[in-house]
Amino acid sequence: MLKNKEFRQFAHEVADWMANYLQNVDQYPVKSQVQPGDILQQIPEYPPENEEPMNNIFNDFKRIIIPGISHWQSPNWFAYFQANSSYPSILAEMITATLGAQCMVWETSPAAAELEERMMQWLKNLTGLPENFEGVIQDTASTSTLCAILTAREKASEFGINKSGFPATRYRVYCSLEAHSSIDKAVRISGLGHDNLVRIKTHINDLSMDPDALEKSLMKDIENGLKPLCVIATIGTTGTMAIDPLEPIGEICQKYKIWLHVDAAYAGTAMFLPEYRWMIKGIELADSYVFNPHKWMFTNFDCSAYYVKDKESLIRTFSIMPEYLKTAFDEKVNNYRDWGIQLGRRFRALKLWFVLRSYGAEGIRKVIGNHVFWAQNLAAEIGKQPDFEIMAPCLLNMICFRYHPEGVDDAESLNRLNEKLIRNLNISGRMYVSHTKIKSNFVIRFAAGQTFLQERHLLDAWLFIKEEARKLE
Ligand code: PLP
């Protein structure tokens with residue numbers, strides 16, 4: 001078994017490997033090139049009976065595992081939304097792993113609880129959220145949204161569903177056609193039923209939720225004896241970064257007394273920049289809000305900032321007090337086990353503290369401001385090309401576009417052409433992009449937000465995209 005002396009030696013070796021890896025991360029094929037089963041067949045069917053030297057384990061990690069990794073920390077990662085880390089965040093994660101603290105209640109890790117409280121205040125102020133919001137760190141936006149729906153459900157049923165199960169009432173949840181699939185999961189898990197998720201149509205030009213369509217849907221449901229429970233508005237949809245208009249949606253929610261949850265999983269980081277706060281105009285009308293520092297804000301996965309206006313309802317939904325969890329300080333402190341689903345909690349506030357202090361607010365504004373600036377310049381450049389087409393407004397740092405050469409105008413051929421283009425780009429290992437569909441059109445999604453991104457990476461990627469596209473038959 002590893003002793004302290006060898007641990008120290010390998011910790012140094014691992015730290016060297018980490019620094020080298022991040023220094024050269026742009027040299028790896030961004031998207032892993034392995035085929036299904038390639039990794040599995042290199043891992044023995046049965047675990048070792050006897051101890052193995054750390055050297056062998058570490059060498060196997062480099063030989064077997066690394067080829068099967070897609071390199072999310074490469075500056076040439078433009079796919080999905082980023083899952084950024086950063087040097088200060090990694091250092092904090094190393095310390096977190098070393099402490100191995102379980103942060104279920106204040107007493108089991110007082111510093112973790114109090115640092116979490118303060119970090120949630122810092123983030124609230126830095127991103128312009130209302131003063132009366134209170135925050136807690138969840139693992140993911142999926143969990144935060146589930147918490148919002150469960151709390152809305154309990155509040156609407158006077159905490160009756162937790163107690164006695166579902167009454168005959170059919171509760172309804174509303175979100176736009178473009179909203180994230182985590183909402184579909186949340187309505188299933190919360191027992192509301194997928195048939196009670198209503199997808200509201202979006203405006204044709206910017207794919208944001210149409211508030212008039214929302215109100216019509218609500219009125220129809222009420223007429224039919226159904227009970228509107230919760231509306232989920234998205235700030236920065238996954239497909240195209242569309243921004244739902246919070247103010248009119250919020251006013252409708254107030255009028256019909258419906259919980260408003262706001263999913264700003266990715267775009268929430270942009271609220272560091274005051275010039276983008278128009279995107280959350282009306283946020284004071286929301287009951288809950290989530291954004292993920294683990295996406296664009298240089299903080300290792302997982303770290304999701306969840307805010308609520310009415311913390312008592314959140315706690316009443318989740319609090320259970322068995323004898324063995326009672327402590328002398330329960331009345332005086334935040335026991336975050338009562339603010340969400342899990343009992344056991346990682347010490348996630350530490351990496352936020354490291355990131356926010358190491359970058360400083362201005363440092364974060366500068367890096368994400370650059371991402372937006374470079375992406376918008378590139379979008380303008382793409383828009384000027386006769387054989388490329390911008391497919392959705394580029395409001396932040398994501399560009400939705402497709403290759404559209406002269407003479408190819410039927411939708412099927414254009415879809416095939418762009419699918420092939422993405423395949424070739426990703427097989428090259430030089431960059432990784434992903435796709436979406438807008439009105440059945442296959443569209444390339446290019447998100448420019450990786451921690452180590454520089455303008456030259458964008459420009460190189462664009463040259464390569466043009467070259468590969470114009471090679472296609
Ligand atoms: N909401 C939006 C808008 C997203 O884009 C995503 C993921 O990309 C999620 C929710 C889910 O995030 P998580 O992986 O933190 O659950």
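Side-chain atoms are counted along with the backbone in the values below, which use heavy atoms only and exclude waters and symmetry mates. Bear in mind the structure is a predicted one, so any value in this text is a computation, not a measurement.
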Run the side chain to side chain donor-acceptor pair (under 3.5 Å) check on T140 and T143 step by step: do they pass?
CA-CA 5 Å; T140 57; T143 301; 3.1 Å; yes

Sequence neighbours excluded and cut-off under 3.5 Å, please list the side-chain donor-acceptor pairs for residues 99-107, or say none.
| residue | atom | partner | partner atom | Å |
| --- | --- | --- | --- | --- |
| Q102 | OE1 | M104 | N | 3.0 |
| Q102 | OE1 | R345 | N | 3.3 |
| W106 | NE1 | E114 | OE2 | 2.7 |

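- Pairs of residues two or more places apart, or lying in two chains, that qualify as ring-ring contact (aromatic ring centres under 6.0 Å, His included) and include a residue from residues 297-320 are H294-F301, F298-Y359.
- Checked for salt-bridge contact, R316 and D338 miss the test: no charged N lies under 4.0 Å from a carboxylate O.
- Residues that satisfy the salt bridge (Lys or Arg N to Asp or Glu O under 4.0 Å) test with D184, not counting sequence neighbours, are R199.
- Using cut-offs of 30° and 60° for the angle between ring planes, the Y403 and F388 rings count as tilted.
- For D409, the side chain to side chain contact (heavy atoms under 4.5 Å, CB included) test picks out H404, with sequence neighbours left out.
- Formation of a donor-acceptor pair under 3.5 Å by the N397 side chain with backbone atoms of A448 is found in this model.
- For residues 413-438, the salt bridge (charged side-chain N to carboxylate O under 4.0 Å, His left out) pairs, not counting sequence neighbours, are E412-R416.
- Remark: D221 engages R172 in a salt bridge (Lys or Arg N to Asp or Glu O under 4.0 Å) (not counting sequence neighbours).
- With hydrogens and angles left out, the side-chain atoms of R445 and T436 include no donor and acceptor closer than 3.5 Å.
- With sequence neighbours excluded, the residues that form a side chain to side chain donor-acceptor pair (under 3.5 Å) with D410 are S413.
- Each of W77, Y28, F452, Y432 was checked for a ring pair (Phe, Tyr, Trp, His ring centres under 6.0 Å) with H71, and the lone residue meeting it is Y28.
- When the side chain to side chain contact (heavy atoms under 4.5 Å, CB included) test is applied to S157, the partners found at least two apart in sequence or on another chain are E154, I161, Y171.
- Taking CD1 of I283 as the reference point, atom NZ of K309 lies at 8.5 Å (rounded to 0.5 Å).
- Pairs engaging residues 232-252 under the salt bridge (charged side-chain N to carboxylate O under 4.0 Å, His left out) rule: E247-K281 [sequence neighbours left out].
- A salt bridge links E215 and K255; the closest N-O separation between the charged side-chain nitrogens and carboxylate oxygens is under 4.0 Å.
- A centroid separation of 6.0 Å or more is found between the aromatic rings of Y289 and H261.
- For R402, the salt bridge (Lys or Arg N to Asp or Glu O under 4.0 Å) partners are E389, not counting sequence neighbours.
- Remark: the backbone N or O of I427 is not paired with any side-chain donor or acceptor of K31 at under 3.5 angstrom.
- Under the side chain to side chain contact (heavy atoms under 4.5 Å, CB included) test applied with P393, the options T240, D206, I243 reduce to a single match, D206.
- Scanning for salt bridge (Lys or Arg N to Asp or Glu O under 4.0 Å) contacts around K155 gives D310, with sequence neighbours left out.
- Sorted pairs that involve residues 203-259 and meet ring-ring contact (aromatic ring centres under 6.0 Å, His included), not counting sequence neighbours, are lacking altogether.
- Paired with F81 under the rule ring pair (Phe, Tyr, Trp, His ring centres under 6.0 Å), one option of F446, W296, Y266 passes, and it is Y266.
- Between N300 and S89, the side chains place a donor N or O and an acceptor N or O closer than 3.5 Å (distance only, hydrogens not considered).
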